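Because the structure is a prediction, the values reported are computed rather than measured. Per chain, numbering begins at 1; letters A, B, ... match sequence-line order.
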Amino acid sequence: MEQLMNYLLEHREMVFIIILSIFLGVEVISNVPTVLHTPLMSGANAIHGVVIIGAIIVMGQAAADNYPALVLGFLAVVLGTLNVVGGFVVTDRMLEMFKKKKTKKES
Amino acid sequence: MYEFWVWFSYVLASVTFIVGLKFLSHPETARRGNLIAAAGMTLAILVTIFLYRNAEGQPLGNRGLIFVAIALGTAIGWIAAKRVKMTAMPQMVSLFNGMGGACAAVISLMEYPHHSFEGGRWTLAAVIVAGLLIGGTSFSGSMIAFGKLNGNIGDVRFRGQMILNLLLLAALLSLGIYLTVQSQPNMPLFIVMAGLTLLYGVLFVVPIGGADMPVVISLLNSFTGVAAACGGFIYNNQVMLTGGILVGSAGTILTILMCNAMNRSLINVLVGHFGSTTAADGAGSDKGAIKEISIADAAILLSYSRKVMVVPGYGLAVAQAQHAIHELEKLLEEKGVEVSYAIHPVAGRMPGHMNVLLAEADVPYSKLLEMEEANNEFPKADAVIVVGANDVVNPAAKHDPSSPIYGMPILDVSQAKNVIVIKRSMSTGYAGIENALFYDPKTRMLFGDAKATLQKLISEVAAN
């Protein structure tokens with residue numbers, strides 16, 4: 001128990017961020033119309049691609065002759081990139097459809 | 001000063017994620033929101049590669065390889081995302097989500113052996129183990145969801161499956177706790193855990209009905225968010241933490257909103273075995289006969305209607321018939337027929353699927369009616385064309401308490417004077433249940449591929 005308390009205290013800022021982020025996440029999307037559920041899910045999917053930062057750090061710290069670590073790290077960076085790039089591009093394609101219709105209407 | 005710029009960029013990136021999500025929730029700003037978040041992500045990635053310093057003040061090495069990996073991932077991701085058909089979007093999202101989960105799991109796998117967990121550092125072990133467990137489940141689960149939506153994998157159910165799943169989950173959690181309290185890494189056991197985690201992800205998703213995959217993807221999406229946040233804890237990295245937790249909480253709320261749209265609870269979706277084979281014959285008691293209609297008769301019926309409503313479903317998406325239906329709509333409008341579309345919130349494979357698809361075919365936004373509005377309009381409609389939709393128009397949801405979809409709000413098309421159902425065959429919909437609508441005296445069936453049938457209808461209507 002004491003260990004846990006110490007740990008939380010040691011990471012007090014991070015715990016703080018987590019709790020505020022949870023509420024923020026709920027708040028920020030609470031009024032989304034059904035039409036946008038899919039693009040929103042897809043956009044959120046791209047955002048958790050931020051995990052790639054961890055992949056870059058772990059890859060960047062692997063010793064240059066530690067081949068298993070290099071291979072795994074390489075794989076992690078590729079996977080993370082797929083998540084980020086694929087996620088954002090797919091979302092943009094979905095939203096492009098909405099936009100096209102909008103400009104047509106105005107013209 | 002490196003530390004400052006890294007920190008500053010991470011703050012900026014976190015802000016773009018929040019603003020991005022906020023903008024994504026409104027139709028006018030959605031696309032901009034996505035681009036803003038993407039810009040923030042790019043900034044965070046570049047700053048990490050060039051300016052990040054670890055605890056000993058060392059910059060990152062292997063930059064050449066990192067760039068090669070990023071280039072490779074970008075090329076594959078970009079091409080895949082650009083090439084995928086609009087109908088296959090849901091499985092694509094699932095695939096990319098799985099990649100993120102796998103990434104988090106691999107990070108845990110690489111970090112685990114490098115740490116000693118002596119002297120109260122068990123919490124670090126806990127975060128690493130959680131990253132593996134959540135990321136791994138998200139990966140294998142997403143792959144199964146992908147396979148299901150892509151039609152490669154069917155629903156697999158067997159006796160005692162739920163007990164097996166619960167036992168496996170209990171085993172995983174115990175193993176996780178055991179690994180957490182060890183003072184030194186136990187790599188063989190960690191790898192065993194990785195294997196079991198992947199197995200669990202498969203078993204978790206495989207019994208869930210294909211129609212519920214959107215909800216499952218949304219849930220796994222928030223899992224991956226939490227897995228990314230675990231990575232944030234490992235590296236004391238704020239942007240991973242905010243990004244991950246934001247998606248974790250927003251994703252959870254979105255999952256619940258999706259369940260609400262179907263009037264079901266998340267638990268019901270996950271363990272309810274929607275459309276299990278035992279419930280399949282629920283509505284089959286007094287079927288009556290189905291009646292077919294010829295293309296020519298259907299064309300005449302439509303041409304001489306005053307008001308026609310279209311109910312699109314997944315069949316429309318599969319047949320890529322969105323342009324054909326729009327053409328039919330324009331043709332009928334020229335003949336003075338009023339045409340509108342009734343969109344069920346969960347029609348297709350994802351909420352909003354039909355809106356995206358019809359928008360692609362340039363159907364004006366004002367012609368798309370939401371469910372409530374559409375249900376008010378049906379009694380005034382002379383004819384309703386149901387194109388490749390099934391469960392969302394199944395009256396069993398209203399009348400049959402034994403039906404697995406009982407309670408789900410439906411489009412009440414039988415209020416209209418005539419109903420034409422375009423369908424490939426009499427097979428059941430995704431939920432695997434019979435549809436009494438097809439036996440309704442007002443209903444006429446028009447069997448065939450949605451696109452081909454609509455094209456025949458178009459030429460008939462044009463000739464009239």
How about B/V181 and B/W122: do any of their side-chain heavy atoms sit closer than 4.5 Å? no
Sort B/Y52 into side chain, backbone, both or neither according to what part of it lies under 4.5 angstrom from a heavy atom of chain A. side chain
So which of A/N31, A/L72, A/L20 has the largest heavy-atom pair count under 4.5 angstrom toward chain B? A/L72
With rounding to the nearest 0.5 Å, note down the distance linking CZ in A/F74 to CG in B/N62. 11.0 Å
Where on B/V47 is there a heavy atom nearer than 4.5 Å to chain A: the side chain, the backbone, both, or neither? neither
For chain B, the option from A/V78, A/I47, A/V84 that forms the most heavy-atom pairs under 4.5 Å: A/I47
Output the option from A/I57, A/N6, A/V28 having the highest count of non-hydrogen pairs under 4.5 Å with chain B. A/I57
Which one of B/N221, B/I343, B/V226, B/L357 has the most heavy-atom pairs closer than 4.5 Å to chain A? B/N221
Non-hydrogen atoms of chain B under 4.5 Å away: do they reach the side chain of A/V26, the backbone, both or neither? both
Are A/L40 and A/T91 packed together at the side-chain level, in the sense that at least one heavy-atom pair is separated by less than 4.5 angstrom? no
Verify side chain to side chain donor-acceptor pair (under 3.5 Å) between B/N97 and A/H48, making sure each step is shown before the conclusion. CA-CA 8 Å; B/N97 179 49; A/H48 69 49; 2.8 Å; yes
Tell me, side chain or backbone of B/F67 under 4.5 Å from chain A's heavy atoms, or both, or neither? neither
Based on non-hydrogen pairs under 4.5 Å, which of A/L75, A/I29, A/V77, A/I52 is most in contact with chain B? A/I29
For the interface with chain A, which of B/G244, B/G248, B/S218, B/G231 has the highest count of heavy-atom pairs at distances below 4.5 Å? B/S218
Are the side chain of B/S14 and the backbone of B/T242 linked by a donor-acceptor contact shorter than 3.5 Å? no
Ranked by heavy-atom pairs below 4.5 Å to chain B, first place among A/V85, A/N83, A/L79 goes to A/L79
For B/A80, is it the side chain, the backbone, both or neither that has a heavy atom under 4.5 Å from a heavy atom of chain A? neither
Residue, of B/L109, B/I217, B/V93, that accumulates the most heavy atom pairs under 4.5 Å with chain A: B/V93
Please flag which part of A/I17 lies under 4.5 Å from any non-hydrogen atom of chain B: side chain, backbone, both or neither. side chain
Side chain, backbone, both or neither of A/A69 within contact of chain B (heavy atoms, under 4.5 Å): both
Where the side chain of B/T255 meets the backbone of B/G251, is there a donor-acceptor pair that is under 3.5 Å apart? yes
Please find the pair of heavy atoms, one from B/A37 and one from B/G20, that lie closest to each other, and give the distance. CB-CA, 4.4 Å
Please check this pair: side chain of B/S94 against backbone of B/P90, looking for a donor-acceptor N/O pair closer than 3.5 Å. no
Please test B/F117 against B/Y112 for ring-ring contact (aromatic ring centres under 6.0 Å, His included), starting from the C-alpha separation and ending with a verdict. CA-CA 10 Å; B/F117 306 114; B/Y112 183 70; 5.7 Å; yes
B/L246 versus chain A, the contacting section by heavy-atom distance below 4.5 Å: both
Heavy-atom donor-acceptor pair, A/R93 side chain to A/V90 backbone, under 3.5 Å: no
At a heavy-atom separation under 4.5 Å, does B/M41 approach chain A through its side chain, its backbone, both, or neither? side chain
Verdict with reasoning, B/Y10 to A/I53, per side chain to side chain contact (heavy atoms under 4.5 Å, CB included): CA-CA 11 Å; B/Y10 285 176; A/I53 305 279; 3.6 Å; yes
Choice from A/V58, A/I56, A/V50, A/I22 maximising heavy atom contacts with chain B below 4.5 Å: A/V50
Top contributor to chain A interface from B/L35, B/N236, B/I49, B/T252 [non-hydrogen pairs under 4.5 Å]: B/N236
One pair to check against side chain to side chain contact (heavy atoms under 4.5 Å, CB included): B/I134 and B/S138. What are the steps and the verdict? CA-CA 6 Å; B/I134 304 170; B/S138 178; 5.5 Å; no
May I ask you to name which of B/L72, B/I76, B/V84 has the most heavy-atom pairs under 4.5 Å with chain A? B/V84
What part of B/R53 gets closer than 4.5 Å to chain A, counting heavy atoms only: side chain, backbone, both or neither? neither
Test your reading of the model: is there a side-chain donor-acceptor pair from B/T29 to the backbone of B/F23, 3.5 Å cut-off? yes
Max heavy-atom pair count under 4.5 Å with chain A, selected residue of B/K82, B/K22, B/Q238: B/K82
